[in-house]
Each structure stands twice: as C-alpha cells, then as structure tokens.
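Below you'll find the structure, written out as structure tokens, and then a few comments.
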Amino acid sequence: MNYYSDYPELKFHLSHPLMKRIVELKENGYKDKANHAEAPSDYDDAIENYDMVMEIAGDVAANIIEPNSESVDMEGPHLVNGRMVYASKTYENLDAMQKAGLNGVSMPRRYGGLNFPAVVFSMLSEVVAAADAGFQNIWSLQSCIDTLYEFGNEEQREKYIPRVCAGATMSMDLTEPDAGSDLQRVMLKATYSDEDQCWYLNGVKRFITNGDSDIHLVLARSEEGTRDGRGLSMFIYDKQTGGVDVRHIENKLGIHGSPTCELTFRNAKAELCGSTRLGLIKYVMSLMNGARLGIAAQSIGVCQEAYNEAKRYAAERKQFDTVINQFPAVYDMLSRMKAKLDAGRAALYMTARYVDIYKGIEELSKERKLEPEERQELKKYTRLADALTPIAKGMTSEYANQCAYDAIQIHGGSGFIMEYKSQRLYRDARIFSIYEGTTQLQVVAAMRYITNGTYLSMMKEMADGIDNAIIADAISKYEEAIQTAKDFENQAVLDFLGRSLYDMTGNILLALFLIDDARRASSEGTDLFANSAKVYTKLAASEVSRCYTFIKNFCIDDLDACSANA
C-alpha cells in the first residue's frame, strides 16, 4: 500500500497549469543545479522530483506510520522529570521520516532543505495525516522554520535551519491560560539584559502542541507597561540552553500522539526574531496562515482515511443478505463523503498554489526590483491567498468532522467499538475546527472579503464560460444575500449572519474549484472527479438555499431572541 500512488487524485494536483509558474519561481532559473546534484534542471525534472519524494513519503506513511498509529494512540506521550517523552513508536516515525529525507521540506538547498513549494508540503502533510493525524502535528510543525527564514537574520538562519533540515523538532508557543484566541492578552515577559546581551523569558504557556520541541518560536511581551498587541515580539528559544520545563501534558480526546503541553519559562535565554513590537501584528499572522494551511491538509488526510474505512466496511458488511453499500441510504452517505473530500482537496491545493506564487515573487523581490507586471501579480496572489486561507481551513476542518462522523454511522454499532479505527478518526478530527483559529474565527477573517466583493468577483470569473444553471442560481442567491445583510447597516446583524454568508461562500467556491478539476481531468482523459462534481454541486446548492432562506427571513427580533437565550 502507498498513501500517495494509491490515490491518483493527489498526483493530479501536481499537473495544474499554475505549477509551471510555481516551479519557475521556486527554482529561480534552476541555478541550484550548479552546486546541488539533486536540484532539478527543468520543469519536468522538478515535477519528477516531487513525485519521487511523494512516493517515498506515501510508502513510509502506509507501512510505518499507520501501523504504529494504534500503539501511539494507546500509549501517548508522558512526563518524566519535567521533560516530555513521546510514545515509543513516535520515535520510530521520526527516525523513518529523517532517514527518508523528509525534513526541511520548504527550506532552500543551501541550508540542507528540499526547496519544495507549499503545494508539495501540503501533499506530504496530507499523506502523513491520513496515516496518523497526531504524528502529522509533530512532523509538520517544521513549517515554523518558514517564519524564522522570512523574518530572522542570516546568522539565525545558518544556526537553526540546518538543524531542522536534519530532524530537529519545532513548536510555536503562543497560547497562555488567559490568552487563547485573543493573543493580545499574552503576558509572558521578555526582558533584555544589557549585561548578558540577550533576552530572558519568564511566564507560562498553555496548550502548546509539541511543547517540548528542540526549537521554539515564542510570542512574548517585550514592551513593559503595554497590554495590547503592539507590545508583543517574537523570540527563538533553543531547548539546549535550558530554562523551560513541561509542567503538564494535557489528557486529550484525540490526537493522542501529539503532546499538548503547559510550559514554565524561568529566565529562559532567547533571541529576538525580527523586530520588536511586530510579534503579533506581523509574524504571528504569517505563522498562523501557514499553520491553517497545515490544518487543512491534516483535515483532508483524515477525510480520506474516514472515507476509506467507511467504503471498506460497507463493501464487506452484509445485512438482509446484501452488502450494505448497495443500499441507497449508505451509498448516498459515501458519495457525499467523497464529494466533500474532493472539494476540500481542491480548495486546499488552490490555496497552496496562490501561497506559492506570492511567496515566490516576494523571494524574488529580495534579489532585484520587481517589474510592474510582477508587482501586480504579487498583489493579486497575496489577496487571493489571504482570502482563501480561512475558507480552506474552515471548510476542510468541518468536513473532516462530518466525514469521520459518517464513517462511524456507516459502521453502525461497530463504529462505537474502540477496536475499529473510525472511532479514532472521529476523536482526532474534533480538534481541527478548533485549533489554529476556530471556524468562528475563520468566519471573522473571511467577512471583509465577503462584504468587499472579493469572493463574488472570484466566483463570477470562475463561472464565466461554465454552462451550469445550478451554480449560476447559487451565485445569484449569494449576491442577493450579501446585499440583504448589508442593508441592515448594523454590525451586530452582519456578525450574526456571518456564518451563513461564510457557508454560502465556501460551498460555491469549492463547487467551482471541483468543477474546474473535473473539466481538466476530463480533458486529460479521466473521469476522476466527474461524480464528485455532480454530487457536490447539488449538495452546495442545497446549502446555499438553506442559508439564503435564513438570511432573507431574518429580522432584528431574531437577534434579540438568540441573544436572550445565550
């Protein structure tokens, strides 16, 4: 079994037309070939490299990580003398990933990295998550190094990036007991010592994924007397210097292999990353956008595995002398699961492509002045990536929950028994719509793009040339619903109707992405997405109609009634 080559839907996304621009930017004239034998010499060579590494990762995921997943879930990490110790099989997983060369994925080759784009990193994250979502958390946090690479100095890059490429683990230490979604309330104190010429960190961090990692990015308050985001800076803490202990490891519902720690900082020596005061305003926003793309990939991995488990069971289980996948009630559920999987995957990789293009142009701007058309391209894809990230994270994380739920339902009573994998997928999926920004926060992030017409313009542009009455009607309803909400000229009403507008947005965009995938696949002689596109388009239209009816029938009394019940 191979978690990559067994699913042609994955490889399909490496052939998207935008990949040529992505590779062109990432390889920047293929000049690495002169100093790095493994570097590609042209576009086809680059795609072949991606495909080869994905094949290796798919093999490791299917034949090492997945077989270890049940043991890891049962054992979990534990605390020994103020240090976190992974489940024993987690060390096997980390060793396998290191030997396979699957660290430093996004980093330049001069530091020992693979120099792969976000599209490929997302694919790697997806296949690892399908094998074990908890382990994906540990492995994929290597993406924190992107923030250090972007905002740290060259001395810090040379010091830390090669370690991550060699397998050092990372974490982002943001949350505190009184600062969850509202990170402006972070109070971990950073104090500069003129005598020692360094910063010291003191305080507590809570709910830190992989919290006893080798290298931490820490959000701390560097400006004494401040109480908002303008007083926060980003710091690099190296575990080798000491000063941080694990006080507690959370006993969680799911993702048991991923340690969630409470940390105490006692004069922990740290380095400033970037400039003071920009920790939350600039650096965490960059860090979180990358993390949200990672959760979208994690969600798709679990969607895939939940669908696999449900489909396998439905093909074997008999009732009334008939395998249950022959019953309309069951194959309807399976078809919806597959449609959500394919639509969510379409959104994930479209977002990743937009991220790759704008980051590639930003990297180019460090070498030379951009041409006017490049500046326009940068502006376009930055906006698209920023707009799509909350849609990709929110929609895929909700779909992971729905697919895991349906997998248990298809298993019937067996799904409620701990021996079946579907219960673990269900437990693991529940956190996806909570961490790295709840779905409710994704709605908040998306609202400005809803009200300023960004999404609507995207929809109309994509729908142009598509002869699809269902989609046309959905877009018309969406446009009318936005205007209805805005006509109240009341921010509380807009906030209240935000989730309905978000759901309409996500469903229409994902339908359009999937229709485009189906058309492109058809032109290549395959019907990979044909059925899913039909199912999802009608599913999306029904959700749009539901939200449209809710918004059109809304009145201020509804707001008062709901507020009174809160």
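Along the sequence shown, residues carry numbers from 1. For the numbers below, each heavy atom of this structure counts, side chains included, while hydrogens, waters and symmetry mates do not.
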Ring centre gap for F121 and F116 strictly below 6.0 Å: no
Donor-acceptor under 3.5 Å (S143 side chain, S140 main chain): yes
Main-chain N/O of A39 paired with K33 side-chain donor or acceptor, under 3.5 Å: yes
Any donor-acceptor N or O pair under 3.5 Å, side chains H13, R353: yes
Closest non-hydrogen atom pair between Y283 and G274, with its separation: OH-CA, 3.4 Å
N/O donor-acceptor pair under 3.5 Å between D527 side chain and A530 backbone: no
Residues N137 and Q298: side-chain donor-acceptor under 3.5 angstrom: yes
Aromatic Y43 / basic K20 pairing, under 6.0 angstrom, 45° off normal: yes
N/O donor-acceptor pair under 3.5 Å between S523 side chain and R520 backbone: yes
Flag side-chain contact, heavy atom, 4.5 Å: S433 against N401: yes
Side-chain heavy atoms of F513 within contact of L388, under 4.5 Å: yes
Residue pair E479 / M459, side-chain heavy-atom distance below 4.5 Å: no
Any donor-acceptor N/O pair, N210 side chain to T169 backbone, under 3.5 Å: no
Expected output: side-chain E126 to main-chain A297 donor-acceptor under 3.5 Å: no
Check: A469 main-chain N/O paired with D473 side-chain donor or acceptor under 3.5 Å: no
Side-chain donor-acceptor contact under 3.5 Å, T389 with N289: no
Residues E27 and R109 bridged, charged N to O under 4.0 Å: yes
P390 versus A445, closest heavy-atom pair with distance: CB-CB, 3.9 Å
Donor-acceptor under 3.5 Å (T351 side chain, A347 main chain): yes
Pairwise side-chain contact, L124 with W139, heavy-atom cut-off 4.5 Å (strictly under): yes
Sidechain-backbone polar pair: R499 side chain, Q440 backbone, donor-acceptor under 3.5 Å: no
Residue pair C547 / D503: nearest heavy atoms and the distance that separates them: SG-CB, 3.9 Å
Exercise: do E363 and N28 side chains pair donor with acceptor under 3.5 Å: no
R110, CZ atom: more than 12 neighbouring heavy atoms under 6.0 Å: yes
Donor on one side chain, acceptor on other, Y149 and Q156, under 3.5 Å: no
CZ (R448) with more than 12 external heavy atoms under 6.0 Å: no
Side chain proximity check, L174 to V186, heavy atoms < 4.5 angstrom: no
Ion pair R157/E150, N-O distance below 4.0 Å: no
Closest non-hydrogen atom pair, Y3 against A62: CD1-CB, 3.4 Å
Pairwise side-chain contact, L18 with D356, heavy-atom cut-off 4.5 Å (strictly under): no
Side-chain (S171) to main-chain (D173) donor-acceptor, under 3.5 angstrom: no
Under 3.5 Å side-chain donor-acceptor pair for R345 and Q304: yes
Pairing residues for T505 by the side chain to side chain donor-acceptor pair (under 3.5 Å) criterion, not counting sequence neighbours: Y478
Residues K11 and D51 bridged, charged N to O under 4.0 Å: yes
Side-chain heavy-atom pair S397, Y399 within 4.5 angstrom cut-off: no
I56 to A100 - nearest heavy-atom pair and separation: CG2-CB, 3.8 Å
Y50 and V23, any side-chain heavy atoms less than 4.5 Å apart: yes
Donor-acceptor side-chain pairing of D386 and Y381 below 3.5 angstrom: no
